[in-house]
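The structure under discussion appears below in the form of structure tokens.
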2 protein chains.
Amino acid sequence: MQEKELVQLFQLFQKYTVLSKKAEEAIAAICSPITIKKNKDLQPIGHTCKTIYFINKGIARIYYFKDGIDITENFFFENSVIARVESLFTGKPSRKAIQALEDAEIVGINANQLFKLYDSFPEIERLFRKIFEAAYVETVHRIEGIQFHTAEERYKALLQEAPDILKRVPLKYVASYLGITQVSLSRIRGLK
Amino acid sequence: MQEKELVQLFQLFQKYTVLSKKAEEAIAAICSPITIKKNKDLQPIGHTCKTIYFINKGIARIYYFKDGIDITENFFFENSVIARVESLFTGKPSRKAIQALEDAEIVGINANQLFKLYDSFPEIERLFRKIFEAAYVETVHRIEGIQFHTAEERYKALLQEAPDILKRVPLKYVASYLGITQVSLSRIRGLK
DNA sequence: GTGATTATTTATCATATGATAAATGAATAG
DNA sequence: CTATTCATTTATCATATGATAAATAATCAC
């Protein structure tokens with residue numbers, strides 16, 4: 001894969017660890033560029049997650065259906081890693097999909113090949129261990145944010161922490177992310 | 001540390017990977033036995049998490065205070081690993097405490113020493129990577145369980161998935177774990 | 001065992017959010 | 001540009017849950 005398209009990804013890596021040249025090359029060899037149009041699924045529901053994604057440009061979300069209702073689990077912006085970990089780490093099919101919310105440029109990392117690299121490059125295993133540890137910590141914070149906060153508090157927190165989401169993402173997706181209906185979100189936004 | 005007290009821990013390890021004898025010894029060398037009385041804190045609020053715990057016997061919970069209210073983040077039973085990951089993985093002090101809910105027998109694993117072992121034993125790094133990946137997956141499921149379920153549904157799901165919690169843990173702790181008040185939980189239990 | 005503390009239930013009232021429907025506004029295809 | 005679809009807001013009503021208080025029940029210290 002072209003070096004130009006991997007600049008941002010390797011910059012992210014540097015936050016966690018310094019990779020040897022060989023390790024960088026090994027990773028570059030299992031990366032593929034993906035361009036995807038707004039509203040298209042990057043990965044459909046039912047597929048086992050065998051790719052870890054990195055966003056160079058655009059926004060994506062993980063979503064699933066509960067009783068026929070579309071629920072957004074999470075949003076992902078530029079320079080973040082996306083994976084449906086409940087599938088990636090278990091080998092089971094995922095009930096979730098990944099969708100681009102803007103025209104996006106993405107790097108796909110082949111997970112099986114990555115896991116093989118772990119054997120010959122402990123530094124790569126360490127890098128991804130740290131990446132997912134950080135994602136795990138974020139998920140724990142998310143639970144705190146949900147437990148014992150009203151919808152209004154959650155909305156205001158989002159407004160503080162990630163105002164971009166509200167600017168770039170349809171509110172209907174934000175609503176389910178906050179655990180409320182679209183109509184409730186609209187009402188809350190209308191307050192004051 | 002005595003082998004007898006490490007039997008359960010090593011059994012857990014076997015679910016993830018087969019450790020070399022040397023690796024097992026290295027881990028045993030950084031483990032300490034802990035006995036703690038019911039309702040005592042294993043780790044207080046404000047401490048940076050430098051120990052990973054494993055429960056041989058008893059129950060524990062992670063809790064914190066939000067606006068002066070005691071909130072249970074999670075329960076832990078026999079044969080499970082406890083860590084305040086938001087502190088362990090960031091090095092920041094934790095706003096959460098770990099408390100024994102029954103007289104408990106616990107193994108403490110020194111985290112700093114463990115992380116040093118990662119350098120000489122990639123197999124140990126891999127083991128704990130997998131352990132925390134599994135915990136991460138559980139946390140993701142937890143979010144699904146919270147988003148878009150009524151309190152009653154969450155209670156019934158708990159009754160299905162972990163009836164032990166309701167038998168062995170005071171309901172006031174269960175209530176905040178479910179994200180509701182103790183009074184609401186009592187009302188829900190009274191239904192039908 | 002007895003009294004004191006703590007946990008749980010029950011009751012009442014207030015309120016936030018859901019469900020539904022309809023109106024308005026924005027985006028998209030042709 | 002226009003028509004059609006889709007997203008958002010507004011309104012009304014129903015209901016689940018919170019807040020508070022009080023009554024029981026269970027647990028614990030001595």
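Convention: sequence-line order gives letters A, B, ...; per-chain numbering from 1.
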Whether A:Arg126 and B:Asp119 form a salt bridge (side-chain N of Lys/Arg under 4.0 Å from carboxylate O of Asp/Glu) is what I want to check. yes
Take the protein atom [atom1] of [X] and the nucleotide atom [atom2] of [N], then report the distance between them rounded to whole Å.
X	N	atom1	atom2	value
A:Ile69	C:dT20	CD1	C1'	13 Å
B:Lys156	D:dA16	NZ	P	12 Å
B:Ile188	D:dA16	CD1	C1'	8 Å
A:Glu153	C:dA16	CD	C1'	12 Å
A:Leu185	D:dT9	CG	P	7 Å
B:Gln182	D:dA21	CD	C1'	14 Å
B:Arg168	C:dA7	CZ	P	19 Å
B:Lys66	D:dG18	NZ	C1'	17 Å

Answer yes or no: does a side-chain N or O of [X] lie under 4.0 Å from OP1 or OP2 of [N]?
X	N	answer
A:Ser184	C:dT17	no
A:Lys38	C:dA27	no
A:Arg189	D:dT9	yes

DNA chain C: 5'-proximal contact among B:Lys172 and B:Arg187 (nearest heavy atom):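 Closest to the 5' end, via its nearest nucleotide, is B:Lys172.
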Should the ring pair B:Phe65 and B:Tyr63 be called parallel, tilted or perpendicular, given that the plane angle runs from 0 to 90° and is split at 30 and 60? perpendicular
If the plane angle is over 60° it's perpendicular, under 30° parallel, otherwise tilted; pick one for A:Phe132 and B:Tyr136. tilted
Closest-nucleotide mapping onto DNA chain D: is B:Ala151 or B:Val183 further toward the 5' terminus? I mean the 5' end. B:Ala151
Quick check on salt bridge (Lys or Arg N to Asp or Glu O under 4.0 Å): which of A:Arg61, A:Lys38, A:Arg168 does A:Glu102 satisfy it with?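 Only one of A:Arg61, A:Lys38, A:Arg168 forms a salt bridge (Lys or Arg N to Asp or Glu O under 4.0 Å) with A:Glu102, namely A:Arg168.
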Candidate nucleotides [options], ranked by approach to the side chain of [X] - the nearest:
X	options	answer
B:Leu171	D:dA11, D:dT8, C:dT9	C:dT9
A:Ile180	C:dT17, D:dT8, C:dT10	C:dT17
A:Thr181	C:dG18, C:dT17, C:dT10	C:dG18

Exercise: identify the closest heavy-atom pair between B:Gly46 and B:Pro93: O-CB, 3.3 Å
Please classify the nucleic acid contact of B:Thr150 as base, sugar-phosphate, or nothing, using heavy-atom distances under 4.0 Å. sugar-phosphate
